[in-house]
Number of protein chains: 4
Amino acid sequence: MAARRVPAATVAIDGQAAAGEGKAPRTERGRRTQQAILDAAAQEFGERGFHDASISGITRRAGVALGSFYTYFDSKDAVFRALVTHMSSQVRDHVAPGIRAAKDGIDGERAGLAGFLGFVRDHKEIYRIIDESEFVDPDSFRRHYATTAERIRQRLTAAAERGELRADVGEVHAWAIMGMNVFLGLRYGVWDADLPADDVAATAAAMLRRGLAVQPD
Amino acid sequence: MAARRVPAATVAIDGQAAAGEGKAPRTERGRRTQQAILDAAAQEFGERGFHDASISGITRRAGVALGSFYTYFDSKDAVFRALVTHMSSQVRDHVAPGIRAAKDGIDGERAGLAGFLGFVRDHKEIYRIIDESEFVDPDSFRRHYATTAERIRQRLTAAAERGELRADVGEVHAWAIMGMNVFLGLRYGVWDADLPADDVAATAAAMLRRGLAVQPD
Amino acid sequence: MAARRVPAATVAIDGQAAAGEGKAPRTERGRRTQQAILDAAAQEFGERGFHDASISGITRRAGVALGSFYTYFDSKDAVFRALVTHMSSQVRDHVAPGIRAAKDGIDGERAGLAGFLGFVRDHKEIYRIIDESEFVDPDSFRRHYATTAERIRQRLTAAAERGELRADVGEVHAWAIMGMNVFLGLRYGVWDADLPADDVAATAAAMLRRGLAVQPD
Amino acid sequence: MAARRVPAATVAIDGQAAAGEGKAPRTERGRRTQQAILDAAAQEFGERGFHDASISGITRRAGVALGSFYTYFDSKDAVFRALVTHMSSQVRDHVAPGIRAAKDGIDGERAGLAGFLGFVRDHKEIYRIIDESEFVDPDSFRRHYATTAERIRQRLTAAAERGELRADVGEVHAWAIMGMNVFLGLRYGVWDADLPADDVAATAAAMLRRGLAVQPD
DNA sequence: AATGAATGAGAGTTCATTCAT
DNA sequence: TATGAATGAACTCTCATTCAT
């Protein structure tokens, strides 16, 4: 069932992003409590889903009193939003290095998918939380995928400008690639890791390379 | 918010499929009431989501008394399951003709995507319901996507055997295509229909055709 | 678990007693339906207790439609009352012959207890129904025990007048004997038949005989 | 309708016995609330019976919010069980001193009955609650009477060993005495106190003394 | 800052009873 | 007479949130 604990860094409430979500703790002790609540929330939401999760479940896991929750977050929705926001950037931070190190555009997408698969295998709860945000916090959901698609599009366009890909690559391709990644992540990351992540990524990338290559047709 | 009404056929509880979900009515009058409840449930779940939906909301829409709900369904979960099952087959029934009429394998996938886009534009609530089943009724969710992917794989394999596609097409490609379809459906079907469905489908299909063609490399 | 079926005679709605409880059926067919409902009610109440029992459970057992229940009884309470009344007289009818055949007063009580023990072993549901009437239909409950106690008292008094028992036997002794019988019935009839009914009755009767004998002090 | 208030001690949730029934309050304020709920439950169950009693009725009497009930008890059944358990021991605690102070075995039983009669006259709701447990919580019911009978048997046996009673006293006699007590309690304690408790007890004890004496036959 | 008791709106579900056929 | 659909009041239980300490 993958790692139950989310590394503190994963959900760290850093300056700006936390604005409006978590309430800024004033003391060091407060900071630790808030962090404990966030980690516990990641577990609770991941295991039980948003609606079955309970504040008391979160505080129990965190080892703090029920009332303390409201010292750091305004509501159940607020923690969830904070979680989605930070997991969203976590995924990106995790795959970014691989993409940067790639030989060319398509290899970058391959690296991105490979990294994504590896990530969700270790963080199944994150996958579920982001998915569920479609129903709990549609704005975050939309922002997450809109941003992700836009980044893919930018990379595709840049590669096209470098002459690697056909000139007509655009938003449709970006969304297609993202959907591909998400569902391969579901199938080979969350459901059943019966194929090495690199093989899945290589297969998909090969299809894309031919499909988006500048040459044929 | 798209069509509010689900065509009766969509949620008709037909013989076997409904087994165990809805309780079979014994009179014609009962059949109509059950259908009314199902239609109302499709609306209610589509608009408010599973958890915010209420039985009383469903019966109010259906114009029947609260208690009548339980004459035909065992629980809130049970209607939801019945709905997912039947919508799942509805989607398939809707796109099947286009796929069968296609010139070749990839053209079939193009027709499938085009049909899917058109369908979700008219039935946004169906989209949401199937998606939410991931959290409400994981079994139905899994069955729906596993079945869909398997059909795509079979079509790809058949096309490969006809010499249209590369011999190595398989499950990974099927899941990639399905994910592509789902996310293009989300972006261009549910979110914003700012591109004709046929154009989106043509763009994606072109990429697939080159990517899966037998020739290059 | 003893006999599940109550012989028709057991709960037969005879003329007067039924007045006001069951509605008099006009046809022979109706009589059979009413009887079927009563038998089914005896089972249902016996197995599940008054509150967990349901009208639909009764009609299902009886093999008739839900609505038919109200053709023959006014309410759930009404069947229950009818049942208590008739079981009450059933018990009496069952033990009466033994009492009449007894050699003397105390032997009559012995025979009564022995008969009662045998009866509850075969009709555990009856035991439960009469007991539960304390909470469902206090009037029937009170009437049942008041009548039973009064009969015992009359028998004791008669025996005293015949010189068999002390002259001071009265209501207190009657209630004491009845309580004894009921609890011995619970312990050795319903709970665990680990002692022959006759032995239990003989032991209790021996105690009574000495306790109520005219001789010593 | 007898005393409305149950002395705090009666329903105090003490250490072990309460394990699993009430949830241990962590503060003094919580202890008071739990006690108030228990007292209110005793009233409510006593007056209306288990099924007609409602949680909201209990909390209304207790002067707390509906939700507070669930802070201290898991369910309606749970309070009922807690109540039965503690009332059961209350009755015992109440009659024990009289029994210990008795001159001999039979006098102990006389004192026990007299004490019991006095107790049920003041606590009619307790009588009803224990009786109703036969249908609501059969385990508690069984435990209560099995324990009570066993204690009587032990006292009888001890008296027999002291030469006061016949050697063959045993379980049957114990159950007979208990049934006697319960029904005399019902008749002269709950229904109608038309005879002094001591007279009833004396009459019953005289019968027992002769019935169980070592001498005759 | 931290605790945990208190609150009460709200939901799903049951089922005796009535009604239309 | 028989059927079974329809009704809706009533109930238990949950839990996010507030409050007092």
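Map Ala24(D) and Gly30(A) each onto its nearest nucleotide of DNA chain E; the residue landing nearer the 5' end is Gly30(A). Mapped onto DNA chain F by nearest heavy atom, Thr27(B) and Thr33(C) fall at different nucleotides, with Thr33(C) at the one closer to the 5' end.
Here dT7(F) presents its P atom at 14 Å from CZ of Arg60(B), a figure rounded to the nearest Å. Remark: C1' of dA11(E) and CZ of Phe45(B) are 13 Å apart, rounded to the nearest angstrom. Residue Gln35(D) contributes atom CD, which lies 16 Å from atom P of dA5(E) at whole-angstrom precision. Rounded to whole Å, atom P of dA2(E) lies 17 Å from atom CD1 of Ile58(A). The CZ atom of Phe73(D) sits 12 Å away from the P atom of dA6(E) (whole-angstrom rounding).
Distance check, rounded to the nearest 0.5 Å: NE2 of His51(A) to CG of Asp52(B) gives 5.5 Å.
The two residues Gly30(C) and Tyr72(C) have their closest heavy-atom pair at CA-OH, 3.1 Å.
Under the 4.5 Å side-chain criterion, counting only non-hydrogen atoms from C-beta, Glu44(A) is in contact with Ser54(A). Side-chain contact check for Glu134(D) versus Asp131(C): some heavy-atom pair is nearer than 4.5 Å. Ile37(A) is listed as a side-chain neighbour of Phe73(A), based on a closest heavy-atom distance under 4.5 Å.
Applying side-chain contact (heavy atoms from CB on, under 4.5 Å) to Arg81(C) and the options Asp77(C), Leu83(C), Val79(C), Val84(C) leaves one that passes, Asp77(C).
Judged as a ring pair (Phe, Tyr, Trp, His ring centres under 6.0 Å), the pairs with a partner in residues 22-47 of chain A (not counting sequence neighbours) are, in order, Phe45(A)-Phe50(A), Phe45(A)-Phe80(A).
Between Glu47(D) and Arg61(D) a salt bridge is recorded (basic side-chain N to carboxylate O distance below 4.0 Å). A salt bridge links Arg31(D) to Glu28(D): at least one charged side-chain nitrogen sits closer than 4.0 Å to a carboxylate oxygen.
End-to-end axis angle of the helix from dA2(E)-dT21(F) to dT21(E)-dA2(F), using five pairs per end and rounding to 10°, comes to 10°.
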* What string of B, S and - do you get for nucleotides 11-21 of chain F, 5' to 3', when a contact is any protein heavy atom under 4.0 Å? -> -SBB-SBB---

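Nearest nucleotide to the side chain of Arg26(C), out of dG4(E), dT3(F), dT1(F): dT1(F).
Between Tyr72(D) and dA5(E), a side-chain N or O to OP1/OP2 separation shorter than 4.0 Å is absent.
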